[in-house]
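Contents: one structure, followed by commentary.
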Amino acid sequence: MEPRSLHSSRPGRAGTKRIHHELVGDMELVYETLALPGDPGLTLYINAAEPATPSADALRLLAAWSTPMQEPTPHQQKEHQD
C-alpha cells in the first residue's frame, strides 16, 4: 500500500491507509470521513491506530510532543520537595 497524506480521504469513506510522518515514520491508520449535514462544506476526518501496535505508539508519541508543558501546581511542587 502506498503512503498518502492525512487529507487524501473522500467524504463518507472509511478504510485503512498507510502514511509516512517525517518524525515517527510509517503508520497504518484506520480512517473515516463524515460529511457534516449542517454544512455541506465541512467534512470531519477521523484517523486512529489499532491498539497495541507500532502505529498506536507513534501516534501517542506525536500527541506527547504536541501537549504543552504545564507548570506544576503548588501541591505537586510540595510533593517534590518532601
Side-chain angles (χ1 to χ4, degrees):
M1 190 175 249
E2 188 173 319
R4 300 185 207 171
S5 77
L6 287 175
H7 302 288
S8 63
S9 305
R10 292 186 183 135
R13 300 191 63 149
T16 303
K17 62 182 168 183
R18 293 182 59 80
I19 66 163
H20 179 80
H21 189 281
E22 63 185 27
L23 297 176
V24 296
D26 292 333
M27 295 184 288
E28 186 169 303
L29 302 176
V30 292
Y31 70 89
E32 186 166 355
T33 59
L34 303 168
L36 300 177
D39 189 336
L42 293 179
T43 302
L44 178 63
Y45 293 87
I46 302 166
N47 292 277
E50 294 292 339
T53 62
S55 296
D57 293 340
L59 282 180
R60 203 171 3 271
L61 181 59
L62 289 172
W65 284 340
S66 68
T67 303
M69 296 293 290
Q70 295 181 358
E71 292 294 321
T73 65
H75 178 73
Q76 291 169 328
Q77 288 175 344
K78 185 173 188 256
E79 286 179 348
H80 290 310
Q81 292 172 352
D82 294 337

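Position 1 is the first residue of the sequence; numbering continues from there.
Rounding to the nearest 0.5 Å places OG1 of Thr33 at 7.5 Å from CZ of Arg13.
Considering only heavy atoms from C-beta on, Tyr31 stays 4.5 Å or farther from Ile19 through its side chain. Leu62 places a side-chain heavy atom less than 4.5 Å from the side chain of Val24. Between Leu34 and Thr43 there is no side-chain heavy-atom pair separated by less than 4.5 Å. Between Met27 and Arg18, every side-chain heavy-atom pair lies at or beyond the 4.5 Å cut-off.
No donor-acceptor distance shorter than 3.5 angstrom exists from the side chain of Ser55 to the backbone of Leu29, with no hydrogens or angles considered.
Leu59 and Ala48 make their closest contact through CD1-C, 4.2 Å (heavy atoms, listed as atom of the first residue, atom of the second, distance). Ala49 and Ala56 get closest at one heavy-atom pair: CB-N, 3.5 Å.
Listed by first then second residue, pairs satisfying salt bridge (Lys or Arg N to Asp or Glu O under 4.0 Å) with a partner in residues 38-59 read Asp57-Arg60, not counting sequence neighbours.
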